[in-house]
Amino acid sequence: IEMFKSMFLSIAVLLSGTSLASAEPAADVLATHLYAGTLNGGKDALAALPDDAGKKSAEGILAFVASIERLGQGLHRHGLETHPGGMMMQLPVLRMPVPPNPSPEPITYEKWRGILETLLADLTAADALLAEGAKGDAKLPLDLLKIRLDLDSDGKSSDAESFGGILVAVTRQQLPEGATPKMEFAFDKADVLWLRGYIHFLSAALQFGLAMDFEDSFNATGHAWFPRSGLPFAEALLKPTTPGAGFVDNSIGDAIAFVHMMNWKVADPSRLSDSRTRLAAMAGLSRQSWAAARAESDDDREWLPNAKQKAAFTGFAVDDATIDSWLAVMAEFEAVLDGKKLM
């Protein structure tokens with residue numbers, strides 16, 4: 001759970017003091033469909049509600065979760081494999097666990113870029129909805145462990161495809177003990193702004209990567225992630241693997257090859273410019289989210305607590321000095337982005 005907390009609150013490593021509504025029609029619709037794994041149905045149900053901050057925030061959260069689901073489906077379609085023996089090659093996006101695919105489709109460099117392009121478009125669309133939601137205020141209670149996805153496109157969601165199952169696979173930590181473990185938060189305006197900042201961080205990284213021509217690297221090492229999807233060296237290097245075997249399963253060799261081939265050329269400079277713009281927006285949204293959190297007077301299952309609130313994350317707390325320090329870091333970060341300071 002500590003690793004999950006860090007993943008969401010430091011990734012990397014993701015505004016006014018008004019009273020929150022006690023009941024949001026959109027909250028029930030959002031929770032119902034996220035817990036059932038019926039994301040398309042949730043989109044239609046939310047669209048039928050009157051426009052307000054709760055609806056737009058719920059639509060944005062649903063769209064963000066849908067972007068994760070669609071990414072997982074793309075990875076599953078081409079037979080992504082993650083296992084303990086390949087930890088050196090578990091990069092962002094490519095460390096997402098998906099169900100095994102016994103008959104994966106062939107993948108190419110162009111198809112891989114297409115998956116990343118789709119993720120970028122989905123995140124950008126989710127952010128636009130969240131931006132509308134952040135214009136008002138709402139409260140959307142959610143238990144993250146109950147959210148379910150359909151990662152193998154079979155129309156169903158297994159326990160392994162739940163957020164809880166993904167959490168266990170990624171962090172290698174067990175869920176809290178108890179018959180019905182919970183990870184419940186009441187997402188409010190400050191959290192919507194935080195999620196917007198997190199989306200900008202992810203999309204900036206995607207734009208940075210997509211600005212590069214990394215075709216040779218992908219063709220030479222892509223089999224480390226997609227071993228049965230028709231990549232150039234896949235058949236020659238596909239051997240029985242032993243988790244943790246290092247050179248035996250080629251994970252160390254592939255990692256060394258990947259690093260040595262990272263002499264990528266910039267193919268699209270406009271993407272680099274957009275990446276910087278998104279990072280600058282992330283810093284601004286961080287300021288807004290903390291301003292919103294500091295203005296809150298309630299104390300209800302806080303994702304982003306102020307100094308007077310109790311965090312829903314066990315063992316996670318902030319004080320005003322910590323918040324001030326973080327805002328100072330963001331100011332330094334912006335100065336680097338603006339060329340006023342060097343790293």
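The shortest side-chain heavy-atom distance between L149 and F163 falls under the 4.5 Å cut-off. Looking at heavy atoms from C-beta onward, W112 lies in side-chain contact with F214 at the 4.5 angstrom threshold. At a threshold of 4.5 Å between non-hydrogen side-chain atoms, the residues R148 and L34 do not count as touching. Side-chain contact between V336 and L342: absent, with no pair of heavy atoms (C-beta onward) separated by less than 4.5 Å. Counting only heavy atoms from C-beta outward, the side chains of D216 and W264 never approach each other to under 4.5 Å. Side chains of T124 and R278 form a contact here, defined as non-hydrogen atoms less than 4.5 Å apart. The closest side-chain heavy-atom distance from H76 to P99 is below 4.5 Å. When side chains are defined from C-beta on, F201 does not count as touching L206, because their heavy atoms never get closer than 4.5 Å.
Within the 3.5 Å criterion, the main-chain N or O of V329 finds no donor-acceptor partner in the side chain of E332. Formation of a donor-acceptor pair under 3.5 Å by the T118 side chain with backbone atoms of G114 is found in this model. Checked by atom type and distance alone, the side chain of D188 never pairs as donor or acceptor with a backbone atom of A138 at under 3.5 Å. R228 places no side-chain N or O within donor-acceptor distance of the main-chain N or O of S103, the cut-off being under 3.5 Å. No donor-acceptor distance shorter than 3.5 angstrom exists from the side chain of K56 to the backbone of E132, with no hydrogens or angles considered. When atom types are taken as modelled, the side chain of E161 and the backbone of D152 share a donor-acceptor pair closer than 3.5 angstrom. Counting only distance, with no hydrogens or angles, the side chain of E302 and the backbone of D300 share a donor-acceptor pair below 3.5 Å. Not a single donor-acceptor pair under 3.5 Å links the side chain of N101 to the backbone N or O of H78. The main-chain N or O of L337 is found under 3.5 Å from a side-chain atom of R276 such that the two form a donor-acceptor pair. No side-chain donor-acceptor contact under 3.5 Å links S67 to the backbone of D122.
Minimum interatomic distance between Q309 and A293 (heavy atoms only, all atoms of both residues): OE1-O, 4.3 Å. The shortest heavy-atom contact between L304 and A190 is CD2-O, 4.2 Å. Of all the heavy atoms in A312 and E184, the pair that sits closest is CB-O, 3.7 Å. When all heavy atoms of P141 and Y35 are compared, the closest pair comes out as O-OH, 4.5 Å. Between A53 and D137, the shortest heavy-atom contact is CB-N, 3.6 Å. The two residues R196 and L285 make their nearest non-hydrogen contact at NH1-CD2, 3.5 Å.
Taking the six-membered ring where tryptophan is involved, the planes of W303 and F187 are tilted, since the angle between them lies from 30° to 60°. The aromatic rings of F218 and Y109 sit tilted, their planes meeting at an angle between 30° and 60°.
Residue L142 holds its CG atom at 9.5 Å from CZ of R301, rounded to the nearest 0.5 Å. The CZ atom of R271 lies 4.5 Å from the CG atom of L210; values are rounded to the nearest 0.5 Å. Of the inter-residue distances, the one linking D254 atom CG with F233 atom CZ reads 10.5 Å to the nearest 0.5 angstrom. Between the NZ atom in K308 and the CG atom in D298 there is a gap of 13.0 Å [rounded to 0.5 Å]. Here the CG-CD distance, from L39 to E69, works out to 4.5 Å after rounding to the nearest 0.5 Å.
For N40, the CG atom is loosely surrounded, since the number of other residues' heavy atoms within 6.0 Å does not exceed 12. Environment of NZ in K43: sparse, with no more than 12 heavy atoms of neighbouring residues, nucleotides or ligands closer than 6.0 Å.
Hydrophobic clustering of Ile, Leu, Val, Met, Phe, Trp and Tyr side chains at less than 4.5 Å, counting indirect connections, keeps M212 apart from V259. There is no path of hydrophobic side-chain contacts, each under 4.5 Å, that joins L129 to I147. Under the 4.5 Å side-chain heavy-atom criterion for grouping Ile, Leu, Val, Met, Phe, Trp and Tyr, L94 is not connected to M261 through any hydrophobic cluster.
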Can you list the steps and then say if I61 with L130 is a side-chain contact (heavy atoms from CB on, under 4.5 Å)?
CA-CA 7 Å; I61 292 172; L130 291 167; 4.2 Å; yes

Under the criterion side-chain contact (heavy atoms from CB on, under 4.5 Å), I'd like the reasoning laid out for L195 against V192: C-alpha separation, chi angles, the key distance, then a yes or no.
CA-CA 5 Å; L195 181 55; V192 169; 5.8 Å; no

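With respect to the salt-bridge test (charged N to carboxylate O, under 4.0 angstrom), the residues E110 and R113 do not qualify. Salt-bridge annotation for E296 and K139: absent, with no side-chain N of the basic residue lying under 4.0 Å from a carboxylate O of the acidic one.
One side chain, D319 or T322, offers a donor N or O that lies under 3.5 Å from an acceptor on the other.
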